[in-house]
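Report on the structure given below.
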Amino acid sequence: MTHRLVVLGAGYAGLGAARRAARRLRRTDVEVTLINATDRFVERIRLHQLAAGQALRDRPLRTMLDGADVKLVVARVTAIDVDARIVRLDAEPYTVGYDTLVYALGSGADVSCVPGVRQHAFTIAEAAQAQRLRSHLLGASAGDVVTVVGGGLTGIEAATELAEAYPGLRIELVTSDAVGGWLSPPARRHLGRAFDRMGIGVHQGVQVEMVSAAGLRLDDGRDLDAEVVVWTAGFRVSALADRAGLAVDGRGRMIVDETCRSVSHPQVYGIGDAAAAPAFGGETRMSCQTGLPMGLYVADAIAAVLDGRTPRSLRIRYVWQNISLGRRDGITQFTRADDTPIDAVLTGRTAIAFKEAISRSTMHRLRHPGPVR
């Protein structure tokens, strides 16, 4: 009887898992199905560029799957029945049965954490959202204030990209912590110089209490006027895993063991942003740096289990963080295996070139998923 392996989500983790599984299991009686809400692969790490008016390369999933024996289903997952082992969809074929399920539905912007975000703020966690912001900014007037909320990687990259692309706008950034506070001192100094050069105003150590059509209300009592608010302060995962009865953590991420297998339902694996997997020094963080390796790993682990072997444990070790500061500047922060920074950094065009090389390498690996090292 054919074993049905179903992968939910075609981001870095899910697409990597599907292609790698098809390659590893091509001589076995296993059918690999990939389910995704759209028919395009999205380079999420470039969505700040899309929002700033740049054209991104179109990547149809069918092209990305060329040469792989993977059945693609374009539909949105509405529910998972872990007892019947059925995935329910909002379009034909409406239901897909599975014997092994890989849950890789990623994460999206958290727009419910503060009143008014959903109604008044833009986000850039998905291509359609970034395109909406891009279209809106085309009608902006000189001197308009664009306030980015969130001082993490996405917020920093969005603020600097927009400042470079729209020098006539006033770009501000609001964050509850220090901007780039997790970086090493050399990286923070370079980041500060970049913000000063681009004229980006910074409001640190404050929380946003409300977003309105006029701007922001802060917890220190101030109101900040803004024509545009871009919300990058936090991500959330789908509630599908929780509603299905799978074990999840306090953030809704599936809890998995050292082989990415659900601790409550062994026929289900969780990878990417949607899973909390053991990593060196703690748990995996939301990042394509962990998503793709997890996707390639889980294909090997499933192949081992189907072959009656015990898979080796997942090993996630961090090496660097790449931060673009527009198209002509950047920071590469090298890290210890547990993701803590060291003083070694690359900056300027060298960092940009390094990040582009890594990005191109990632896309190549998605198309040609060799063994996980």
Side-chain angles (χ1 to χ4, degrees), residues 38 40 42-59 107-175 179-180 191 194-204 206 208 210-218 223-235 322-330 352 355-356 359:
T38 72
R40 289 315 197 250
V42 176
E43 281 190 273
R44 188 166 174 177
I45 61 172
R46 295 188 185 275
L47 288 181
H48 59 285
Q49 296 175 233
L50 177 63
Q54 297 167 40
L56 301 187
R57 182 173 177 179
D58 185 37
R59 299 188 183 276
S107 63
D110 187 354
V111 296
S112 62
C113 53
V114 170
V117 173
R118 188 185 303 276
Q119 295 86 354
H120 301 293
F122 292 85
T123 64
I124 55 172
E126 297 177 9
Q129 298 166 353
Q131 183 65 58
R132 175 172 166 260
L133 174 58
R134 171 182 176 154
S135 298
H136 185 82
L137 289 175
L138 290 176
S141 301
D144 280 357
V145 178
V146 178
T147 300
V148 178
V149 181
L153 289 173
T154 304
I156 290 171
E157 292 194 321
T160 52
E161 201 76 51
L162 292 173
E164 183 176 272
Y166 296 97
L169 301 180
R170 287 176 50 200
I171 309 298
E172 300 193 342
L173 187 142
V174 175
T175 175
V179 178
L191 180 61
F195 270 50
D196 289 343
R197 171 172 51 80
M198 294 181 173
I200 300 172
V202 176
H203 305 269
Q204 303 182 89
V206 290
V208 176
M210 183 180 69
V211 179
S212 70
L216 308 172
R217 165 68 57 86
L218 304 182
D223 290 319
L224 296 182
D225 293 338
E227 279 72 28
V228 178
V229 174
V230 182
W231 194 265
T232 71
F235 295 89
N322 287 312
I323 309 170
S324 61
L325 306 173
R327 295 297 86 207
R328 295 183 293 275
D329 193 7
I352 285 292
K355 181 179 180 180
E356 285 300 313
S359 299

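Just so we're clear, the structure is a prediction, and the values are computed from it rather than from any experiment. By convention here, the first residue in the shown sequence is residue 1.
Proximity of D110 to S112: side-chain heavy atoms (C-beta onward) are separated by under 4.5 Å at one or more points. A heavy-atom distance below 4.5 Å is not found between the side chains of E126 and V42.
Taking all atoms of both residues into account, the shortest heavy-atom contact from I352 to G330 is CG1-N, 4.0 Å. Among all heavy-atom pairs drawn from A109 and A125, the shortest one is N-CB, 3.5 Å. Between G151 and I156 the shortest heavy-atom distance is O-CD1, 3.7 Å. The shortest heavy-atom contact between V114 and V211 is CG1-N, 4.4 Å. Here the closest non-hydrogen pair linking A130 and L47 is CB-O, 3.6 Å. Of all heavy-atom pairs spanning R44 and S107, the tightest one is NH1-O, 2.9 Å.
Interatomic distance, D144 CG to E227 CD, rounded to the nearest 0.5 Å: 4.0 Å. The distance from atom CG of D329 to atom OG1 of T160, rounded to the nearest 0.5 Å, is 8.5 Å. Between the NE2 atom in H203 and the CG atom in L218 there is a gap of 7.5 Å [rounded to 0.5 Å]. Once rounded to the nearest 0.5 Å, the distance linking CG of L153 with CD1 of I45 reads 11.0 Å. Of the inter-residue distances, the one linking I200 atom CD1 with T147 atom OG1 reads 11.5 Å to the nearest 0.5 angstrom. Note that CG of L325 and CD of E157 are 7.5 Å apart. Values are rounded to the nearest 0.5 Å.
Under a 4.0 Å N-O distance rule, the pair E164/R327 does not qualify as a salt bridge. Ion pairing between a basic and an acidic side chain is recognised when a charged N comes within 4.0 Å of a carboxylate O; R46 and E356 show such pairing.
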Residue pair Q129, I124: steps toward the side-chain contact (heavy atoms from CB on, under 4.5 Å) verdict: CA-CA 5 Å; Q129 298 166 353; I124 55 172; 5.7 Å; no
Steps toward side-chain hydrogen bond (donor to acceptor under 3.5 Å, both in side chains) verdict (Q54, E161): CA-CA 10 Å; Q54 297 167 40; E161 201 76 51; 2.7 Å; yes
Derivation and outcome, side-chain contact (heavy atoms from CB on, under 4.5 Å), residues L169 and L162: CA-CA 9 Å; L169 301 180; L162 292 173; over 6 Å; no
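For the side-chain contact (heavy atoms from CB on, under 4.5 Å) with V230, the qualifying choice from V146, L173, T154 is V146, the only one to do so. Paired with V229 under the rule side-chain contact (heavy atoms from CB on, under 4.5 Å), one option of T123, V149, L224, V208 passes, and it is V149.
Checking H48 against T232 by side-chain atom types alone, no donor-acceptor pair falls below 3.5 Å.
Checked by atom type and distance alone, the side chain of Q204 never pairs as donor or acceptor with a backbone atom of T175 at under 3.5 Å. When atom types are taken as modelled, the side chain of R134 and the backbone of G53 share a donor-acceptor pair closer than 3.5 angstrom. No side-chain donor-acceptor contact under 3.5 Å links W231 to the backbone of H120.
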